[in-house]
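These figures come from a predicted structure and were not determined experimentally. Nothing fancy with the numbering, it's 1 onward along the sequence.
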Amino acid sequence: MRIVVAMSGGVDSSVAAALLAEQGHDVIGLSMQLYDQRGPESFGSCCSLDDLYDARRVAAAIGFPHYIVNFEQQFRETVISNFVQEYAAGRTPLQIGRAHV
């Protein structure tokens, strides 16, 4: 069976992909690029170039293809812009979440 695994570059997704490949599945790894990696921004330990490279290294070591999907524009338009607009309007993330309940 072909299975696509969302790979963050962390241990959990890497182990999941390895176990699936070990079971004989046709594994494909995907990682999301959510912001311009060339800029000075830093998001702590999440979503860095190192994370993307880690996922790619794991896929190569196990022997399945890995692709990085660029979602920069969609992430900026759907998540970041909405957050900024809501925050500027005086609504916090907690209030935003409760508004939809």
Side-chain angles (χ1 to χ4, degrees):
M1 174 183 292
R2 177 170 286 162
I3 299 176
V4 176
V5 177
M7 298 185 70
S8 64
V11 173
D12 295 341
S13 57
S14 296
V15 169
L19 290 172
L20 289 165
E22 184 178 276
Q23 294 171 8
H25 295 288
D26 181 13
V27 176
I28 297 172
L30 291 181
S31 296
M32 296 185 298
Q33 180 174 329
L34 299 178
Y35 63 94
D36 184 352
Q37 301 287 338
R38 298 168 296 176
E41 296 107 1
S42 174
F43 293 100
S45 63
C46 170
C47 315
S48 70
L49 272 178
D50 288 339
D51 295 328
L52 299 177
Y53 292 143
D54 286 345
R56 178 157 285 168
R57 278 192 292 269
V58 167
I62 297 170
F64 60 85
H66 174 263
Y67 303 96
I68 297 173
V69 184
N70 187 328
F71 284 122
E72 286 180 46
Q73 180 179 349
Q74 295 91 334
F75 187 70
R76 185 174 47 256
E77 291 173 358
T78 306
V79 177
I80 302 297
S81 293
N82 181 57
F83 175 83
V84 170
Q85 290 171 4
E86 294 296 321
Y87 194 79
R91 292 183 285 270
T92 66
L94 180 60
Q95 291 168 324
I96 294 168
R98 286 187 178 163
H100 298 290
V101 175

Legend entry - Closest approach of A6 to S13 (non-hydrogen atoms, all atoms of both residues): O-CB, 3.4 Å
Legend entry - R76 backbone acceptor or donor facing S81 side chain under 3.5 Å: yes
Inset, instruction - Search all heavy atoms of H66 against all heavy atoms of L52 and return the closest pair with its distance. - result: CE1-O, 4.0 Å
Inset, instruction - Could you state whether L19 and V11 fall into the same hydrophobic cluster, counting links through intermediate Ile, Leu, Val, Met, Phe, Trp or Tyr residues with side-chain heavy atoms under 4.5 angstrom apart? - result: yes
Inset, instruction - Identify the heavy atoms of S8 and D51 that sit nearest to each other, and give their distance. - result: O-CB, 3.4 Å
Legend entry - Closest non-hydrogen atom pair, A17 against F64: CB-CZ, 3.6 Å
Legend entry - Verify same cluster id: V79, V69 (apolar side-chain graph, 4.5 Å): yes
Inset, instruction - Would you check if I28 and R2 make a side-chain contact, meaning some heavy-atom pair closer than 4.5 Å? - result: yes
Inset, instruction - Please answer: with hydrophobic residues joined when any side-chain heavy atoms are less than 4.5 Å apart, are M7 and I68 in the same cluster? - result: no
Legend entry - side chain to side chain contact (heavy atoms under 4.5 Å, CB included) evaluation trace for V5 with L20: CA-CA 9 Å; V5 177; L20 289 165; 3.8 Å; yes
Inset, instruction - Return the minimal non-hydrogen interatomic distance between A18 and I62, and the atom names on each side. - result: CB-CD1, 3.5 Å
Inset, instruction - Compute the centroid of each ring, for F75 and then for F71, and state whether the two points are separated by less than 6.0 Å. - result: no
Inset, instruction - For R57 and D50, work out which heavy atoms get closest and say how close. - result: NH2-O, 4.3 Å
Inset, instruction - Treating Ile, Leu, Val, Met, Phe, Trp and Tyr as nodes and any side-chain heavy-atom pair under 4.5 angstrom as an edge, say whether Y67 and V27 lie in one connected cluster. - result: no
Legend entry - Min side-chain heavy-atom separation E72-L34 under 4.5 Å: no
